[in-house]
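Contents: one structure, followed by commentary.
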Amino acid sequence: MTVVTRFAPSPTGFLHIGGARTALFNWLFARHHGGRFVLRIEDTDRARSTPEAVAAILDGLAWLGLDWEGEPVYQFARAARHAEAALSLLEKGLAYRCYCSPEELTAMREELKAKGLPPRYDGRWRDRDPSEAPEGVAPVIRLKAPQSGETVIDDLVQGSVTVANSQLDDMILLRADGTPTYMLSVVVDDHDMGITHVIRGDDHLTNAFRQTQLYRALGWETPRFAHIPLIHGPDGAKLSKRHGALGAEAYRDMGFLPEALRNYLTRLGWGHGDAEIFSSEQAAEWFTLEGVGRSPARFDMQKLTALNGHYLRTAEPARLVEAIVPRLEALLEAPLDADARARLTAGMPGLQERAKTLVDLAESAAFYVRPLPLPFEPKAKTAVSGDAGALLGALATELATLEPWTRESLEAFARAQAEARGLKLGQVAQPLRAALTGSTVSPPLFEIMEILGRAESLARLAALPA
RNA sequence: GUCCCCAUCGUCUAGAGGCCUAGGACAUCAGCCUUUCACGCUGAAGACACGGGUUCGAUUCCCGUUGGGGACGCCA
């Protein structure tokens with residue numbers, strides 16, 4: 001049997017990080033088994049679903065590199081099929097019409113709650129004769145769920161979980177307006193799409209019981225369930241927008257690489273021995289549901305950042321240049337010319353070694369492409385003032401005729417100058433660094449000078465702040 | 001409130017009864033490297049929530065307590 005997994009987001013917002021991980025686990029599981037990973041857009045809530053949200057989710061998945069097979073299934077388009085399933089249940093006496101108004105149900109819940117009882121539908125229309133139906137009220141269709149016994153799900157992550165059927169009420173299948181509810185749609189779609197493994201957030205665990213009842217009523221075999229633990233914020237509470245329940249594109253904008261986020265998310269709630277850094281191909285080879293933990297995990301920006309630093313250091317320089325050019329152009333409010341790009345390309349190895357995110361990378365690369373005069377950080381300004389100013393003037397004179405202009409000879413020059421003046425190398429190098437970059441932090445000085453070239457270096461030495 | 005789930009360093013985790021003097025990673029601290037910052041390297045500190053069982057022996061199995069989380073919609 002071919003494994004078929006799915007990711008089924010509702011398009012009411014962006015692809016948040018928890019959803020991204022759910023998609024990732026489904027993708028990994030399918031790949032591990034040589035199966036298929038498909039997408040279904042759960043857009044049956046017409047009031048809240050938007051095409052923008054669909055686009056955001058698809059973009060997020062694409063950016064993360066989670067490719068799905070075929071075209072996404074739009075759930076709303078299958079409403080007629082869902083209704084047909086509910087009607088078939090009605091015919092078989094496995095479902096019934098309920099004429100309660102929403103107000104009546106709210107009152108029922110509040111009354112039960114006040115008594116300290118669980119807020120459930122009491123089944124008042126379950127066995128009532130349809131002839132008692134009130135005039136002008138459109139009924140909903142409810143499943144005639146078993147009232148005794150228990151429902152057990154054999155979850156691939158959580159193990160065997162049992163709930164008493166008395167805890168579950170008769171769920172609504174079809175709304176008064178004839179549209180299907182989520183419970184019905186999910187079951188029908190998962191069945192029709194041939195989904196073999198439903199891997200989703202733990203918050204759906206209780207839904208699995210109701211869905212199991214529905215599968216039984218419909219006479220269908222249930223898929224295997226795997227409810228993965230939720231991701232929490234740094235404070236252990238449910239992940240909110242304040243923490244990191246941001247869209248995937250927010251992580252992209254913060255300068256994270258998709259492979260870093262994939263690696264991090266894979267490791268969150270899943271482990272394979274001591275493995276920490278691995279490709280997605282490797283992860284797919286290793287990925288099993290047995291490796292998924294059962295407790296919720298907190299989202300840790302620092303670890304993601306550290307991982308991102310690793311992937312940044314090992315990335316292709318050319319790719320990183322392309323990634324930061326738009327950021328730099330936005331920063332400088334001007335397009336970069338070929339000369340600027342050449343400097344970035346030459347300087348990238350030294351730059352990427354030091355960056356943690358693409359945002360850092362762009363910031364630290366900016367000095368290579370800024371027009372003069374350079375903006376100076378306070379510390380850098382201090383570093384080129386006073387005695388250092390005179391020193392830089394003297395060095396500039398010597399530098400004008402230094403041959404050759406290579407990092408090796410520049411270093412030899414700086415060492416010789418330092419020795420001749422009774423200074424430490426750092427006392428010569430720091431003022432130069434500050435003068436050439438406007439900062440006290442940069443890639444190796446002589447590498448910078450070589451890349452900048454003699455003319456630019458001298459121009460910078462001549463354009464120091466007052 | 002009812003039901004369900006969870007529980008190893010600050011965080012993510014390894015651990016499937018003796019291999020545990022509980023391992024790794026991030027973060028933290030100290031040092032080395034060094035023209036700055038990173039990287040890298042070395043070292044330090046740091047956890048089995050608690051209480052009962054079961055067993056010759058429990059981090060590992062069972063029960064309870066406590067703590068955390070989730071679900072209880074004509075939302076998905």
Handout entry: Separation between the P atoms of B:rC26 and B:rC41, rounded to whole Å
Key = 9 Å
Problem - Closest listed nucleotide, where the reference is the side chain of A:Thr206 and the choices are B:rA76, B:rC72, B:rA71 - result: B:rA71
Exercise for the section: Could you verify whether a donor N or O on one side chain and an acceptor N or O on the other, from A:Thr179 and A:Arg175, lie under 3.5 Å apart? Expected result: yes
Exercise for the section: Could you give the distance separating B:rC48 and B:rC56 at their C1' atoms, to the nearest angstrom? Expected result: 22 Å
Problem - A:Arg124 charged N/C atom sitting above A:Tyr121 aromatic ring, 6.0 Å / 45° - result: no
Problem - Derivation and outcome, salt bridge (charged side-chain N to carboxylate O under 4.0 Å, His left out), residues A:Glu276 and A:Lys303 - result: CA-CA 11 Å; A:Glu276 293 288 348; A:Lys303 191 158 182 177; 3.4 Å; yes
Problem - Closest-nucleotide 5' rank along RNA chain B - winner of A:Leu304 and A:Arg294 - result: A:Arg294
Practice task
Please give the nucleotide sitting opposite B:rA16 as a Watson-Crick or G-U wobble pair, both distances under 3.5 Å, or none.
Solution key: none
Exercise for the section: Take atom C1' in B:rC32 and the same atom in B:rA25, then report the distance between them in whole Å. Expected result: 22 Å
Handout entry: Distance, rounded to the nearest Å, where A:Leu112 contributes CG and B:rU2 contributes P
Key = 14 Å
Practice task
Could you tell me whether the phosphate oxygens of B:rA76, OP1 or OP2, come under 4.0 Å of any side-chain nitrogen or oxygen in A:Arg175?
Solution key: yes
Practice task
For B:rC9 versus B:rG40, give the span between their P atoms, rounded off to a whole number of Å.
Solution key: 26 Å
Exercise for the section: Compute the ring centroids of A:Phe287 and A:Trp270, then answer whether they are less than 6.0 Å apart. Expected result: yes
Completion exercise
In whole angstroms, the gap separating C1' of B:rC74 from CZ of A:Arg124 amounts to 15 Å
Practice task
Take the protein atom CD of A:Glu110 and the nucleotide atom P of B:rC72, then report the distance between them rounded to whole Å.
Solution key: 17 Å
Handout entry: Spacing between A:Phe278 atom CZ and B:rU13 atom P, to the nearest angstrom
Key = 12 Å
Practice task
Looking at every strand, decide which applies to A:Cys98 at a 4.0 Å heavy-atom threshold: base, sugar-phosphate, or nothing.
Solution key: nothing
Practice task
Indicate whether the side chain of A:His197 and that of A:Asn26 have a donor and an acceptor atom separated by less than 3.5 Å.
Solution key: no
Distances under 3.5 Å between protein N/O atoms and the N/O atoms of nucleotides 9-11 of chain B, please, pair by pair.
none

Practice task
If a protein heavy atom is under 4.0 Å from the base, mark B; if only from the sugar-phosphate, S; if neither, -; do that for nucleotides 32-49 of chain B going 5' to 3'.
Solution key: ---BBBBSS---------
Handout entry: Separation between the C1' atoms of B:rA47 and B:rG10, rounded to whole Å
Key = 10 Å
Problem - Between B:rC72 and B:rU13 - P atom distance, rounded Å - result: 25 Å
Exercise for the section: Could you label the plane-to-plane angle of the A:Tyr264 and A:Phe299 rings as parallel, tilted or perpendicular, counting under 30° as parallel and over 60° as perpendicular? Expected result: perpendicular
Problem - Watson-Crick/G-U partner (both atom distances under 3.5 Å) of B:rU55 - result: none
Exercise for the section: For A:Gly201, report the nucleic acid contact type (base, sugar-phosphate, nothing); a contact means any heavy atom under 4.0 Å. Expected result: nothing
Practice task
Would you check if the side chain of A:Asp170 reaches a backbone N or O of A:Ala145 as a donor-acceptor pair within less than 3.5 Å?
Solution key: yes
Problem - Approximate separation, where rounding is to 0.5 Å, of A:Cys98 SG and A:Leu143 CG - result: 12.5 Å
Problem - Watson-Crick or G-U wobble partner of B:rU66, both distances under 3.5 Å - result: B:rA7
Fill in the blank from the handout: Interatomic distance, CD@A:Glu447 vs CD@A:Glu408, rounded to 0.5 Å, equals 10.5 Å
Exercise for the section: Identify which nucleotide among B:rC75, B:rC6, B:rC26 has an atom closest to any side-chain atom of A:Arg48, counting heavy atoms from C-beta outward. Expected result: B:rC75
Handout entry: Short N-O contact, A:Arg210 and A:Asp169, less than 4.0 angstrom
Key = yes
Exercise for the section: Specify the separation, in whole Å, of atom CG of A:Asn263 and atom C1' of B:rA25. Expected result: 11 Å
Practice task
Could you measure between the two P atoms, the one in B:rC3 and the one in B:rU11, and give it in whole Å?
Solution key: 30 Å
Exercise for the section: Select base, sugar-phosphate, or nothing to describe what A:Thr106 touches, counting heavy atoms under 4.0 Å on all strands. Expected result: nothing
Practice task
Please state the P separation for the pair B:rC61 and B:rC5 - nearest whole angstrom.
Solution key: 16 Å
Exercise for the section: Give the nucleotide from the list B:rC12, B:rC6, B:rA76 with an atom nearest to the side chain of A:Pro296. Expected result: B:rC6
Practice task
Have a look at A:Thr44 and say if it touches a base, only the backbone sugar-phosphate, or nothing, with a 4.0 Å heavy-atom cut-off.
Solution key: sugar-phosphate
Completion exercise
Value for CZ (A:Arg109) from OG1 (A:Thr106), rounded to nearest 0.5 Å, stands at 5.5 Å
Practice task
Evaluate the ring planes of A:Trp286 and A:His272, with Trp represented by its six-membered ring, and classify them as parallel (under 30°), tilted (30 to 60°) or perpendicular (over 60°).
Solution key: parallel
Handout entry: Residue matched to B:rG31 through Watson-Crick or wobble contacts both under 3.5 angstrom
Key = B:rC41
Problem - Residue whose nearest RNA chain B nucleotide is more 5′ - A:Trp270 or A:Pro9 - result: A:Trp270
Practice task
Nearest whole angstrom, please: distance from the C1' of B:rC26 to the CD of A:Glu276.
Solution key: 8 Å
Practice task
In plain terms, say whether A:Glu398 and A:Arg421 are close enough for a salt bridge, that is, a side-chain N and a carboxylate O under 4.0 Å apart.
Solution key: no
Practice task
Any strand is fair game: report the nucleotide pairing with B:rA22 by Watson-Crick or G-U wobble, both distances under 3.5 Å, or none.
Solution key: none
Exercise for the section: Could you tell me whether A:Asp169 contacts a base, only the sugar-phosphate backbone, or nothing, with contacts defined as non-hydrogen atoms closer than 4.0 Å? Expected result: nothing
Practice task
Indicate, with a heavy-atom threshold strictly under 4.0 Å, whether A:Val140 touches base, sugar-phosphate, or nothing.
Solution key: base
Practice task
Counting Watson-Crick and G-U wobble pairs only, both distances under 3.5 Å, name the nucleotide matched with B:rU60, or none.
Solution key: none
Practice task
Determine the contact category for A:His227: base if any of its heavy atoms lies under 4.0 Å from a base atom, sugar-phosphate if only primed atoms, P, OP1 or OP2 are that close, otherwise nothing.
Solution key: nothing
Exercise for the section: Return the nearest nucleotide to the side chain of A:Val161; candidates are B:rC3, B:rG73, B:rC4. Expected result: B:rC4
Practice task
Send over the distance from A:Tyr182 OH to B:rC72 P, rounded to a whole Å.
Solution key: 10 Å
Problem - For B:rA71, the Watson-Crick or wobble counterpart (both distances under 3.5 Å) - result: B:rU2
Exercise for the section: Just call it for A:Ala306: base, sugar-phosphate, or nothing, with non-hydrogen atoms closer than 4.0 Å on any strand. Expected result: sugar-phosphate
Practice task
Measure the distance from CD on A:Glu42 to P on B:rC75 and round it to the nearest whole Å.
Solution key: 14 Å
Practice task
Could you check which of B:rG1, B:rG24, B:rG70 has an atom nearest any side-chain atom of A:Leu230?
Solution key: B:rG70
Problem - No-H, no-angle donor-acceptor pair, A:Asp274 side chain to B:rG23 base, under 3.5 Å - result: yes
